There are 2 protein chains.
Amino acid sequence: MATLKDVARLAGVSVKTVSNVVNGYEFVKPDNRRRVEEALATTGYRPNIGARNLRRGRTGSLALVLPELSIPYFGEMAGLVLEAAQEHEWNVLIEQTLGTRERERATLAALGPHMIDAAIVSPEALHSRDFDELDPGIPVVMLGEHSVDVPIDHVGIDNVRAARVATQHLIDLGRRRIAAIGAHPYRGTATQRLEGYRSALTAAGLPVRHDLIVQALNYHRRDGAEAMAHLLSLPEPPDAVFCFNDLLAIGALRAAAEHGTRVPQQVAVVGFDNNEESAYSMPSLTTIAPDKAAIAHSAVDLIRRRIKGGQELDPEDVQTPFSLEIRESTR
Amino acid sequence: MATLKDVARLAGVSVKTVSNVVNGYEFVKPDNRRRVEEALATTGYRPNIGARNLRRGRTGSLALVLPELSIPYFGEMAGLVLEAAQEHEWNVLIEQTLGTRERERATLAALGPHMIDAAIVSPEALHSRDFDELDPGIPVVMLGEHSVDVPIDHVGIDNVRAARVATQHLIDLGRRRIAAIGAHPYRGTATQRLEGYRSALTAAGLPVRHDLIVQALNYHRRDGAEAMAHLLSLPEPPDAVFCFNDLLAIGALRAAAEHGTRVPQQVAVVGFDNNEESAYSMPSLTTIAPDKAAIAHSAVDLIRRRIKGGQELDPEDVQTPFSLEIRESTR
DNA sequence: GTGAAAGCGCTAACAG
DNA sequence: CTGTTAGCGCTTTCAC
């Protein structure tokens with residue numbers, strides 16, 4: 001592997017000149033430039049990024065910390081973050097936490113400032129004090145979950161409002177026994193979505209019935225199926241269900257079908273996330289569609305701002321747009 | 001940020017001793033060890049991985065190059081590769097190519113030996129000569145697509161056999177007009193799956209009907225839906241369809257439903273990949289289930305072998321197991 | 001415009 | 001067992 005020195009020797013100039021050429025410095029004698037470029041070509045020189053970063057005091061990499069790539073929402077988000085980061089020539093190092101607090105914390109603590117310039121974290125189970133272990137020198141932006149008591153940049157949609165929109169849609173359909181699947185004891189987003197659901201019901205003069213609010217400790221398809229099976233076994237089953245993510249909703253659709261309950265005629269279903277698969281489920285799924293590309297770009301922009309502006313800037317909370325995608329499951 | 005030197009000064013020893021302690025070297029005078037460990041703790045020292053790697057001549061990172069994380073198969077595979085790599089303390093840097101040859105080639109060419117120790121590549125559109133641009137010093141293992149004429153390690157399932165199993169399953173069901181969706185002019189896996197499909201038909205004494213073989217230039221749900229709609233509009237529509245991946249099959253299921261064709265009664269459907277969503281589609285999807293964890297682990301193992309053994313070793317082709325997952329779409 | 005040389009933080013000969 | 005030191009490949013003053 002050719003180094004700067006090799007190229008310099010071959011071109012008969014100093015490393016400085018080669019470095020100048022490589023880095024696009026303007027003022028290089030044309031003659032030298034030509035010789036250097038020739039030498040560059042014949043050696044097939046490629047800069048050692050590690051060495052460059054060591055010298056520059058940066059790494060050129062971002063960490064993206066998320067629960068699991070196999071979960072469609074995170075797979076899609078990761079892809080978009082990769083694209084957004086690439087626009088600024090960042091490499092992205094992905095870390096999975098599998099949604100356990102222990103691994104989220106360990107990952108956060110291991111985020112030394114030497115491997116990465118900054119991190120984008122999508123936490124699922126973190127407590128706010130876990131952030132104490134975080135190296136203060138490295139900028140972090142949080143996605144989704146929002147711990148208000150930690151002064152960290154955040155980007156996401158307004159979960160309360162989105163949940164209200166989803167629930168209102170079911171109310172507008174004339175549904176009156178509207179269930180919710182996905183309540184969770186400490187997940188912040190779950191709490192917010194539950195609040196939006198409640199406030200929509202209350203605003204419409206409908207009762208908030210606790211037997212129609214089903215907890216889900218995980219948000220996988222299986223959990224949605226179980227919750228829906230339970231709801232349909234009730235003496236008075238719901239005529240609509242708001243699921244706190246699409247996977248729960250997909251599971252719910254299957255449970256409804258197995259129970260012989262027709263969607264949307266007997267029970268309407270709304271999801272959250274707009275996973276790609278939700279446009280193709282049977283029936284296709286009405287869902288809250290966050291602008292994921294906007295989330296990815298905002299996250300990368302926040303990082304850039306933080307790297308430039310330092311840790312003194314006030315933490316920012318960027319709210320990205322969302323829409324309600326109406327499909328067969330409520331039509 | 002504390003450096004080795006800082007710690008050494010604080011502990012009143014040389015950097016060597018600190019380095020020894022940090023790297024778990026055994027023979028350190030207990031007294032010194034204690035002082036160093038104290039200094040380590042009070043400074044909160046963390047090694048600069050970049051510097052260490054520069055010195056050691058390695059990077060501690062793998063690249064994982066794939067088309068798109070939002071495609072379920074790749075999302076799932078990426079998650080498993082991350083886990084497998086982590087067992088050997090590798091970081092994983094993910095690069096998306098969006099399946100275009102241009103970006104696959106560019107990524108391959110940019111894979112300097114300075115950012116990564118090795119790469120796991122899941123190509124979609126590469127030509128064999130694109131591998132010429134690859135730095136010969138960096139080990140690469142290919143996933144899925146298999147360019148026989150390039151001497152590179154490969155891991156994947158036996159596509160021909162898997163396709164034969166899938167097709168045979170449909171034959172065993174008594175189906176006689178079995179279509180295929182997903183033929184592709186230069187995708188190697190498509191060619192292999194088509195071959196397996198053909199050979200199963202031929203072995204059963206069934207004709208290979210070209211009007212029942214549908215090309216798909218992309219492998220998304222939409223493409224499957226289009227292909228299925230076409231097949232169902234035929235004067236003599238098929239009584240079974242073998243789709244070359246699950247996304248195509250999911251699209252096909254939807255097209256069938258929209259056409260009022262019942263699955264599996266009128267047309268049975270088999271997919272390929274066993275995406276998580278396929279267990280929850282309506283109907284759930286019979287599919288070829290590659291052992292994805294085995295693929296991930298084999299890939300990482302091949303890399304380790306190659307890094308130890310050098311580029312002289314003969315390229316290896318690891319075939320990982322698969323099974324046929326029988327679900328409602330053929331029941 | 002360009003060269004010489006220092007140094008980013010670390011590891012590993014080499015002495016002792 | 002531990003200290004000194006060279007050097008990984010690069011960028012960047014500072015002279016010239």
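Heavy atoms only: backbone and side chains are in, while hydrogens, waters and symmetry mates are out. For clarity, every value in this text was computed on a predicted model and none was experimentally measured. The chains referred to below are lettered A, B, ... by the order of the sequence lines, with proteins before strands, and numbering in each begins at 1.
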Report yes if at least one side-chain N or O of B/Ser14 is closer than 4.0 Å to OP1 or OP2 of D/dG3; otherwise report no. yes

Does A/Lys16 reach a base, just sugar-phosphate, or nothing at all? Heavy atoms under 4.0 Å. base

Regarding B/Arg187 and the six-membered ring of B/Tyr219, is the cationic atom NZ or CZ under 6.0 Å from the ring centre and inside 45° of its axis? yes

Can you tell me which nucleotide in D/dT2, C/dG7, D/dC8 comes closest to the side chain of B/Tyr25? D/dT2

OP1, OP2 of C/dT2 versus side-chain N and O of A/Asn32: anything below 4.0 Å? yes

For D/dG3, does either OP1 or OP2 sit under 4.0 Å from a side-chain N or O belonging to B/Thr17? yes

Testing C/dC10, D/dC10, C/dC8 for proximity to the side chain of A/Leu54, the answer is C/dC8

Looking at A/Asn48, I'd like to know whether one of its side-chain N or O atoms comes within less than 4.0 Å of OP1 or OP2 on D/dC8. no

D/dG9 phosphate, OP1 or OP2, under 4.0 Å from A/Arg52 side-chain N/O: no

Gap between atoms CZ and P, on A/Phe27 and D/dT12 respectively (whole Å): 17 Å

For D/dT11, does either OP1 or OP2 sit under 4.0 Å from a side-chain N or O belonging to A/Ser19? yes

Kindly confirm or rule out a cation-pi arrangement of A/Lys292 over A/Tyr73, judged by NZ or CZ under 6.0 Å from the six-membered ring centre and within 45° of its axis? no

For D/dC10, does either OP1 or OP2 sit under 4.0 Å from a side-chain N or O belonging to A/Asn53? no

Atom CZ of A/Arg55 and atom P of D/dC8: how far apart are they, to the nearest Å? 16 Å

Carefully, step by step, assess A/Phe27 and A/Asn20 under the rule side chain to side chain contact (heavy atoms under 4.5 Å, CB included). CA-CA 8 Å; A/Phe27 306 104; A/Asn20 281 343; over 6 Å; no

